[in-house]
Amino acid sequence: MRLVLLGAPGAGKGTQAKKLIEKYSIPQISTGDILRKAVADGTPLGKEAKAVMDKGELVPDKVVLGLVEERLKQDDCKNGYILDGFPRNTAQAEALDAILVSMGAPLSVALSVDVDKDDLMKRLTGRRTCRNCQQMYNIYFSMPKTEGVCDKCGGELYQRDDDKEETIKKRLEVYEAQTAPLIEYYSKKGILKSIQGIGSIDEIFEKVCSVLEGR
Ligand code: AMP
């Protein structure tokens, strides 16, 4: 299954992707995670990306496309993958299509996870992420057993710099203007499926699986 997850920041794409990895044994390719790692490692790419990310804007297409193309060609993507946070605009979607045509393996499905704007704000401001394994928690909805500590690996939980209120507003604006049009883009290609991202993580996952498996 070659899957694109669509949805606003905070819609729960990353959380659902982590569950899909386990169920279908295919990797998650999160451009946000790749970029955050480059920032944490202090690479030249990370230094360039950090300022843009902290403002809630998009990193240049050329940079992200290079990262994704390299990743898609790795062996573990042979049986499929979950693209999370990519593509973010029409230019990236078109470039992705071209890469996949050249690889002879087009996308199977674009799944949109739909969530109301008010809910998104709470999900994003409450979000805490594990520095070590990127597992996500939420101080309003899904607290870890011990405050500040990851249940899975014991890593430290932190609030992403771009999960602060001002940046969140900007990220949601960027989503509406640049990423939301992809719903139409994939609908026209006939591969769009949608679910309401409401309910518990497991309830949403059940909806995700039933849509993906055509149940
Ligand atoms: P995310 O974790 O997907 O919300 O991404 C966090 C930030 O990384 C975004 O606000 C962008 O600054 C940057 N980013 C992630 N994915 C992309 C992408 N496909 N294109 C451009 N910028 C991206």
Side-chain angles (χ1 to χ4, degrees), residues 1-24 26 28-33 56 81-89 93 107-130 133-145 147 150-152 157 159-160 162-215:
M1 176 167 45
R2 292 179 291 275
L3 168 70
V4 164
L5 282 180
L6 291 173
K13 300 185 298 295
T15 305
Q16 294 301 320
K18 299 248 164 355
K19 291 180 79 72
L20 288 167
I21 297 174
E22 283 176 26
K23 177 154 184 178
Y24 297 104
I26 49 175
Q28 169 197 21
I29 304 175
S30 158
T31 42
D33 285 352
Y81 45 77
I82 306 151
L83 282 167
D84 163 18
F86 177 91
R88 269 311 219 270
N89 57 31
L107 288 174
S108 334
V109 53
L111 177 66
S112 171
V113 181
D114 304 334
V115 175
D116 277 355
K117 258 203 190 129
D118 288 350
D119 266 358
L120 291 174
M121 268 325 266
K122 216 170 176 180
R123 290 188 187 196
L124 288 164
T125 52
R127 179 156 72 178
R128 299 293 180 271
T129 309
C130 174
C133 73
Q134 271 68 56
Q135 177 67 37
M136 277 175 282
Y137 298 85
N138 190 293
I139 56 169
Y140 303 114
F141 313 117
S142 56
M143 297 224 298
K145 292 194 185 93
E147 196 187 324
C150 178
D151 291 348
K152 278 197 162 172
L157 303 186
Q159 182 176 37
R160 282 167 40 174
D162 62 350
D163 278 345
K164 312 274 157 74
E165 196 156 338
E166 270 319 296
T167 313
I168 289 170
K169 283 194 184 134
K170 178 70 187 171
R171 288 168 65 208
L172 292 175
E173 277 170 30
V174 169
Y175 172 78
E176 280 303 327
Q178 301 201 43
T179 313
L182 293 182
I183 293 179
E184 174 82 9
Y185 179 90
Y186 287 115
S187 170
K188 280 193 179 144
K189 288 189 173 287
I191 60 166
L192 180 75
K193 301 198 178 202
S194 307
I195 58 147
Q196 292 289 317
I198 303 166
S200 71
I201 290 172
D202 287 339
E203 282 163 358
I204 298 170
F205 188 59
E206 178 51 33
K207 288 192 246 180
V208 168
C209 294
S210 73
V211 159
L212 292 179
E213 290 164 15
R215 285 190 255 136

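No experiment lies behind these values; they were computed from the predicted model shown. We use all heavy atoms of the structure for the numbers below, so side chains are in, but hydrogens, waters and symmetry mates are not. Along the sequence shown, residues are numbered consecutively beginning with 1.
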Quiz: residues 171-183 side-chain donor-acceptor pairs under 3.5 angstrom, not counting sequence neighbours:
| residue | atom | partner | partner atom | Å |
| --- | --- | --- | --- | --- |
| R171 | NH1 | D162 | O | 2.8 |
| R171 | NH1 | D163 | OD1 | 2.9 |
| T179 | OG1 | R88 | O | 2.7 |

Check whether any side-chain heavy atom of [X] sits under 4.5 Å from a side-chain heavy atom of [Y], and report yes or no.
| X | Y | value |
| --- | --- | --- |
| Y186 | P87 | yes |
| C150 | C133 | yes |
| Y140 | R123 | no |
| S194 | L111 | no |
| I82 | I21 | yes |
| L20 | L3 | yes |
| I29 | F86 | no |
| L120 | D116 | no |

Does I191 CD1 have over 12 foreign heavy atoms under 6.0 Å away? yes
When every non-hydrogen atom of P144 is compared with those of L157, the smallest separation belongs to CG-CD1, 3.5 Å
Between [X] and [Y] (side chain of the first, backbone of the second, donor and acceptor by atom type, cut-off under 3.5 Å), is there such a pair?
| X | Y | answer |
| --- | --- | --- |
| Y137 | D151 | yes |
| K13 | D84 | no |
| Q16 | L5 | no |
| T129 | M136 | no |

Who pairs with [X] by side-chain hydrogen bond (donor to acceptor under 3.5 Å, both in side chains), at least two apart in sequence or on another chain?
| X | answer |
| --- | --- |
| N89 | D61 |
| Y24 | E213 |
| K18 | Q28 |
| D119 | none |

Working note: M143 + R128, criterion side chain to side chain contact (heavy atoms under 4.5 Å, CB included); need CA distance, chi angles, decisive distance, verdict. CA-CA 9 Å; M143 297 224 298; R128 299 293 180 271; over 6 Å; no
Set out, in order, the CA-CA distance, both residues' side-chain angles and the distance that settles side chain to side chain contact (heavy atoms under 4.5 Å, CB included) for I201 and F141, then state yes or no. CA-CA 10 Å; I201 290 172; F141 313 117; over 6 Å; no
Quick test of your reading: applying salt bridge (charged side-chain N to carboxylate O under 4.0 Å, His left out), list the pairs with at least one residue in residues 193-205, sequence neighbours left out, ordered by first then second residue.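 Non-adjacent pairs meeting salt bridge (charged side-chain N to carboxylate O under 4.0 Å, His left out): K19-D202.
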How would you list, by chain and number, every residue that makes a side-chain contact (heavy atoms from CB on, under 4.5 Å) with S108, sequence neighbours excluded? M1, R2
Identify, with sequence neighbours excluded, every residue that meets side-chain contact (heavy atoms from CB on, under 4.5 Å) alongside S187. L192
What residues, two or more places apart in sequence or in another chain, satisfy salt bridge (Lys or Arg N to Asp or Glu O under 4.0 Å) together with [X]?
| X | value |
| --- | --- |
| K189 | D97 |
| E147 | none |
| E184 | K188 |

Rounded to the nearest 0.5 Å, the CG atom of L124 sits from the CD atom of Q159 at a distance of 10.0 Å
Starting from the C-alpha separation in whole Å, work towards a yes-or-no answer on side chain to side chain contact (heavy atoms under 4.5 Å, CB included) for C130 and K152. CA-CA 9 Å; C130 174; K152 278 197 162 172; over 6 Å; no
Taking it one step at a time, do V109 and V4 satisfy side chain to side chain contact (heavy atoms under 4.5 Å, CB included)? CA-CA 6 Å; V109 53; V4 164; over 6 Å; no
